[in-house]
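Here's the structure we're looking at; comments come further down.
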Amino acid sequence: MTSPLWQHSAAKLAALVRTGTATPQTAAESGWDGPGAAWETDVHAVVHTDREARHAAAASADRGGPLAGVPVLVKDNLCTTDYPTTCCSRILAGYHAPYDATVISRLRAAGAVVVGKGNMDEFAMGSSTEHSCYGPTRNPYDLARVPGGSSGGPAAAVAYGLVPVSLGSDTGGSVRQPAAFCGVYGLKPTYGRFSRYGLVAFGSSLDQVGVFARHAGDVATTFAALAGPDPFDATSRTSPVPDVSGWDSGVKGLRFGWPANLWQAGVEPVLVDALERSAVALERAGATRVPFEFLPGEYGVAAYYLVATAEASSNLARFDGVRYGHRSADADDVRALYTHTRSEGFGVEVQRRILLGTYALSSGYYDAYYLKAQQARTRIRHEYEAAFTRCDFMLLPAAPSIAFRLGEKIDDPLAMYLSDVFTIGANLAGIPGLTVPTGLTATGLPTAVQLLGPEDSEAHLLRAGRALEVGGDVTRLSRDHEVEFAWPTKR
Amino acid sequence: MSIDKAEVARIAELSRLEIPAGDMDKVAAQLSSVLDFVATLNQLDLEGCAPTAFAPSDAPLRADERDGRRLTPESATAAAPETEAYFFLVPPIVENVNP
């Protein structure tokens with residue numbers, strides 16, 4: 001039996017479009033024509049879309065590209081000419097960017113159809129997608145729980161089948177943590193491997209666009225389409241793009257680090273079990289486990305919430321009611337214009353982080369906070385460099401818990417920040433990370449593990465991600481990956 | 001390290017934000033809690049660690065490799081709340097100036 005288009009992988013959809021079996025229009029609409037429309041009412045993953053814009057984009061899609069006709073939802077902090085770009089903030093209400101982000105241009109060049117903008121925590125500041133001016137996204141596996149964040153909308157849309165691929169951004173784990181909560185793959189590439197041009201800046205030295213998909217192979221295809229230097233982004237990497245075409249070639253001979261001290265306390269037992277099962281699967285596929293101790297993630301969280309907030313306080317200074325977005329009607333002078341516009345436009349979490357970052361950079365505190373955090377960043381980078389002399393990648397949790405309940409952490413910023421304890425280190429060090437789904441708990445909630453590797457190790461991460469997709473069974477590696485996909489029951 | 005309401009007011013002014021008086025205690029407590037946590041960095045041996053401002057880049061683009069395209073005046077001002085002849089309009093910056 002042929003499955004409906006909305007259940008296909010991006011690879012399968014694109015193949016059908018390239019051979020003329022499906023049109024970009026039917027492929028791009030497949031999510032909305034399937035059960036997705038009903039799911040979206042409950043989940044609220046999408047904040048900007050319309051059928052007319054989707055049709056226009058599909059009509060001009062390249063039918064020969066690697067992502068021909070594939071519908072892709074993108075986070076609302078990526079500039080697009082055909083939809084508003086608001087970062088889910090009142091301060092950017094109604095803003096239309098005058099250009100496409102480079103990753104958007106490259107998606108379109110690969111034949112993909114950008115079908116709308118995904119919900120997020122305001123300005124990507126949050127771990128639950130509860131801090132959105134449009135209201136929260138809910139986890140498709142349990143509507144009382146969060147999808148993670150800040151890229152919760154794009155993660156949830158892939159999980160419930162609206163689109164096979166989506167884009168998020170990852171400043172401290174905002175792709176990898178929601179991928180874990182929603183049971184999908186989530187890749188944060190090496191810093192600079194994807195252009196940041198047209199990604200609204202939060203923490204410029206940490207920000208990286210990332211990919212969600214239901215299959216390792218679809219992550220690889222999207223990575224290949226988007227990676228590469230960009231004359232619009234001086235921080236983009238100019239070295240050759242890693243070849244990820246061997247994503248299904250297995251892990252025989254690779255060594256994976258096993259820093260078990262990181263999950264001796266504070267990690268839910270179902271996730272420790274997922275780690276152990278994943279390690280056994282990798283060993284079955286021919287990889288070798290290398291146990292060692294690693295620096296606890298709390299130091300990374302501490303450094304991150306100084307570095308990221310300091311950069312945010314500077315980056316978000318541009319939102320002042322003069323050049324775009326909301327402008328306060330209650331201002332007699334320019335100082336009042338700035339203050340009233342920003343106080344009316346920014347939500348509580350964004351204001352909290354601007355205050356924290358301003359404090360860390362202010363006279364008398366710079367050395368004690370910001371400078372120390374930058375030194376800690378060096379130390380953390382050295383820890384990873386040392387670890388990767390002993391292994392090709394590390395296996396560790398993506399988050400300390402499975403998806404938590406809406407409202408559970410909203411009034412406790414520190415508890416929310418600590419949900420990023422396993423993801424933040426990769427941003428501080430600029431290395432790539434991949435979340436790999438590992439199944440469901442007895443109560444039907446997704447579990448996941450995370451793989452971290454040195455710079456430009458995306459090929460190794462995807463090979464390992466694929467090996468885990470088939471449970472370490474190397475005889476299944478090169479087969480059509482459609483066959484392994486069992487559509488989960490959602491509630 | 002805890003910070004008090006006066007310190008919050010000082011940071012808010014630097015940030016061009018207005019914290020409602022009724023929220024001051026809560027904001028001070030939340031910021032203090034985060035600052036107490038980041039003090040864990042003091043336990044880390046940072047001897048010989050130079051500050052890292054940016055993740056290492058392999059070979060940044062040179063200025064002459066960058067794209068020279070720019071927004072037009074029309075597109076750059078299109079999203080502004082108030083403009084006149086491609087200038088951004090703002091309220092008076094200098095007070096009591098006689099022409």
Side-chain angles (χ1 to χ4, degrees), chain A residues 95-96 98-99 191-192 205-206 229 231-232 234-239 298-299 301-303 305-306 313 320-325 327 331-334 336-340 342-343 346 351-352 354-356 358-359 362 369 371-379 381-382 413-414 417 429-430 455, chain B residues 1 3 7-8 10-20 23 27 30-31 33-46 49-63 65-69 71-72 75-82 88-93 95:
Chain A
Y95 174 66
H96 276 79
Y99 58 88
Y191 181 82
S205 76
L206 307 157
F232 283 171
T235 63
S236 61
R237 288 176 84 75
T238 53
S239 56
E298 285 76 6
Y299 295 114
V301 177
Y305 277 95
L306 294 169
S313 72
D320 55 11
V322 174
R323 284 156 296 174
Y324 23 60
R327 177 178 203 152
D332 293 331
D333 59 44
V334 76
L337 174 71
Y338 294 161
T339 303
H340 294 172
R342 289 162 62 79
S343 302
F346 289 136
Q351 293 197 29
R352 187 154 49 225
I354 291 173
L355 291 172
L356 189 59
T358 304
Y359 181 75
S362 65
Y369 290 107
L371 191 67
K372 188 177 286 277
Q374 287 186 309
Q375 288 180 286
R377 189 173 182 180
T378 304
R379 167 76 193 274
R381 193 157 52 83
H382 290 165
L414 188 55
Y417 298 169
E455 289 174 9
Chain B
M1 174 179 171
I3 61 175
E7 188 72 345
V8 173
R10 184 184 76 88
I11 310 164
E13 189 179 0
L14 286 171
S15 307
R16 303 291 183 266
L17 290 171
E18 210 165 33
I19 309 297
D23 291 347
V27 172
Q30 287 177 333
L31 292 180
S33 151
V34 175
L35 290 172
D36 284 344
F37 174 73
V38 301
T40 56
L41 288 180
N42 294 327
Q43 301 163 11
L44 206 54
D45 179 8
L46 299 175
C49 291
T52 294
F54 243 73
S57 181
D58 49 355
L61 290 167
R62 298 190 313 270
E65 292 174 321
R66 294 177 196 167
D67 195 299
R69 277 181 285 168
L71 295 176
T72 62
S75 63
T77 54
E82 283 189 64
F88 299 109
L89 288 187
V90 295
I93 293 173
E95 294 174 5

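Just so we're on the same page: letters track the sequence lines, and every chain starts at 1.
The pair B/R10-B/E7 counts as a salt bridge, with a side-chain nitrogen and a carboxylate oxygen less than 4.0 angstrom apart.
When side chains are defined from C-beta on, A/Y338 counts as touching A/V322, because their heavy atoms get closer than 4.5 Å. Here the side chains of A/L414 and A/Y305 are not in contact, with every heavy-atom distance at 4.5 Å or above. By the 4.5 Å heavy-atom criterion applied to side chains, A/R352 and B/L31 are counted as neighbours.
Using a 4.5 Å cut-off between heavy atoms, A/L355 contacts chain B through both its backbone and its side chain. At a 4.5 Å heavy-atom cutoff, the contact between A/Y299 and chain B is made by backbone and side-chain atoms alike. Using a 4.5 Å cut-off between heavy atoms, B/D23 makes no contact with chain A at all. For B/V90, the parts sitting under 4.5 Å from any heavy atom of chain A are the backbone and the side chain alike. Interface residue A/D332: only backbone heavy atoms are found under 4.5 Å from chain B. For A/I354, the parts lying near chain B are the backbone and the side chain together; criterion is any non-hydrogen pair under 4.5 Å. Only the side chain of A/S362 comes within less than 4.5 Å of a heavy atom of chain B; its backbone N, CA, C and O stay farther away.
Contacts with chain A were tallied for B/L44, B/L89, B/T40; B/L44 has the most, counting heavy-atom pairs under 4.5 Å. Most heavy-atom pairs under 4.5 Å with chain A, from the set B/T72, B/V8, B/V34: that is B/V34. Interface remark: of the candidates B/L14, B/L17, B/L46, B/L17 forms the most heavy-atom pairs closer than 4.5 Å to chain A. Interface check for chain B: of the options A/A303, A/G192, A/A336, the most heavy-atom pairs under 4.5 Å are formed by A/A303. Ranked by heavy-atom pairs under 4.5 Å with chain A, the first of B/A80, B/A12, B/A76, B/P51 is B/P51. When the candidates A/L337, A/T339, A/D320 are compared by the number of heavy-atom contacts under 4.5 Å with chain B, A/T339 comes out ahead.
Here the closest non-hydrogen pair linking B/S75 and A/P98 is CB-CB, 3.9 Å.
B/E18 pairs in a side chain to side chain contact (heavy atoms under 4.5 Å, CB included) with only one of the listed residues (A/H340, A/Q351, A/R342), which is A/H340.
Note that NZ of A/K372 is 4.5 Å distant from CG of B/N42, once rounded to the nearest 0.5 Å. In this structure, OG1 in B/T52 is found 6.5 Å from NE2 in A/H382, a value given to the nearest 0.5 Å.
Taking B/F37 as the reference, nothing meets the ring-ring contact (aromatic ring centres under 6.0 Å, His included) condition, with sequence neighbours excluded.
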